[in-house]
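The next block holds one structure in the form of structure tokens; read it before the comments.
Since the structure is predicted, the reported quantities are computational estimates derived from the model, not experimental observations. By convention in this document, chain letters (A, B, ...) are assigned in the order of the sequence lines, proteins followed by strands, and residues within each chain are numbered from 1.
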Protein chains: 2
Amino acid sequence: MSTSPAKSAPDGDSIQRLPPRERILAAACELFYRQGIRAVGVDAIAEAAGTNKMTLYRHFVSKDELVAEYLRRLWDEKSSVWTRLAAEHPSDPRGQLQGWLEEAARHVTDPTSRGCAIANAAIELPEKNHPARCVIEQCKQDSRARLVAVCREAGITQPDLLADQLFMMLEGALVCTQSTGRSGPAEHFVRAGQALIDAHSR
Amino acid sequence: MSTSPAKSAPDGDSIQRLPPRERILAAACELFYRQGIRAVGVDAIAEAAGTNKMTLYRHFVSKDELVAEYLRRLWDEKSSVWTRLAAEHPSDPRGQLQGWLEEAARHVTDPTSRGCAIANAAIELPEKNHPARCVIEQCKQDSRARLVAVCREAGITQPDLLADQLFMMLEGALVCTQSTGRSGPAEHFVRAGQALIDAHSR
DNA sequence: TAATTATGTTACTGACCGGTAACACCCCAT
DNA sequence: ATGGGGTGTTACCGGTCAGTAACATAATTA
């Protein structure tokens, strides 16, 4: 039990002062997302974290478990986005839905984006027994459920239908940016999403 | 839209009579699609093709080139689907569009599907210089252009918008089946796609 | 200060990776 | 029969992979 260090301003120097486990996880997030999970070795992660492979294996029993933890961390971040949307639009599910679309659009149009890390992991790790599998499924089901809930609270007549339409559209837009780039079908994401919301609002 | 490898299922005997290059390509299609590109080694492909690594390298200069050829083969199959749709619905772009949706739905609901092999490759191979990259981009741009053309010929007022909506929806549905399975958002793919077509038809 | 714990360092294992060299073989055409 | 081209076989290369053992050092805590 100790006072956990502040996570403010993780500039190049202060990130080095974070505990090794956090540095390893941060390095894994960056490398796994940018290069792909299978393309990154544990040595590269340890080096990017300013440590070594032994310390990595003292904190994670295997690379697969590190991958699972990496995805859990991403799930947490997605959850915090929902929390933030609820705080920015209190008692306004309509505004939350609109905020979700804006947040999604930001992700789709981000030139540095490499798509949805969870979806990418799902494609990279088809093995049914992989410890990351349950994290992937739970995270996506959770995201879907939250979107359905917001649609329902917003008074949408067919909340699960609209939610799934938006969900598919976002997943599709993100994967499209990885094949045709941002000049592909994804450039119509906002218009398409708004049209769906509008169509369900009459 | 058939985005998965051939299902012609040549039986174990007749496949042995094909020239080695075709057997290697067929084995590569199956293994790359089922397990992922990075997860499959050239030895495994050669063995599955009933030959050896030397013969493989006599027909393909490198694994990366084999991957590119694998994707070119998939592109050809996608093109043949468009040809078939045109033949099944001559002078009936409306029917072609409807046929596209049915074909896409077949792929989305196929329990053996592992999503779109091209999109999966795009995610697995983020490196800008990979020889497969141009195949991926060209194939996806071609698919998009064909869908736009059919929408235009069908008299849709905003053909590129509908095409992109359908495109994103399909890509999203396919990637969703790889994370949440077929019980996820993808179960609304047909309804969503039909609603989009109907909305653009008024 | 002393003991404990976390971390760093080096070297190693065994397996696999993509790719190649050398040579034996077999079938088909001349 | 006699090439010759395509194929099979074996062994190898250098490199990387995930994961571990042993030991030295720093940081923490009692």
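Annotation for B/R38 and B/P126: closest pair NH1-CD, 4.4 Å, computed over non-hydrogen atoms.
In this structure, B/L18 places its CG atom 16 Å from C1' of D/dT7, rounding to the nearest Å. The interatomic distance linking A/E65 (CD) with D/dA18 (P) rounds to 15 Å, in whole Å. Regarding B/I24, its CD1 atom lies at a distance of 14 Å from the P atom of D/dG6, rounded to whole Å.
Residues forming a salt bridge (charged side-chain N to carboxylate O under 4.0 Å, His left out) with B/R84 (at least two apart in sequence, or on another chain): B/E88, B/E103.
A salt bridge links A/D142 with A/R146: at least one charged nitrogen is closer than 4.0 Å to a carboxylate oxygen. A salt bridge does not link B/R144 with B/E137: none of the charged nitrogens is closer than 4.0 Å to a carboxylate oxygen.
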- Note on the structure: Each nucleotide of nucleotides 6-24 of chain C classed B (base within 4.0 Å of a protein heavy atom), S (only sugar-phosphate) or -, in 5' to 3' order, makes -BBBB-------BBBB---
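Using a distance-only test at 3.5 Å, with no hydrogens or angles considered, no donor-acceptor pair links the side chain of A/T55 to the main chain of A/T51.
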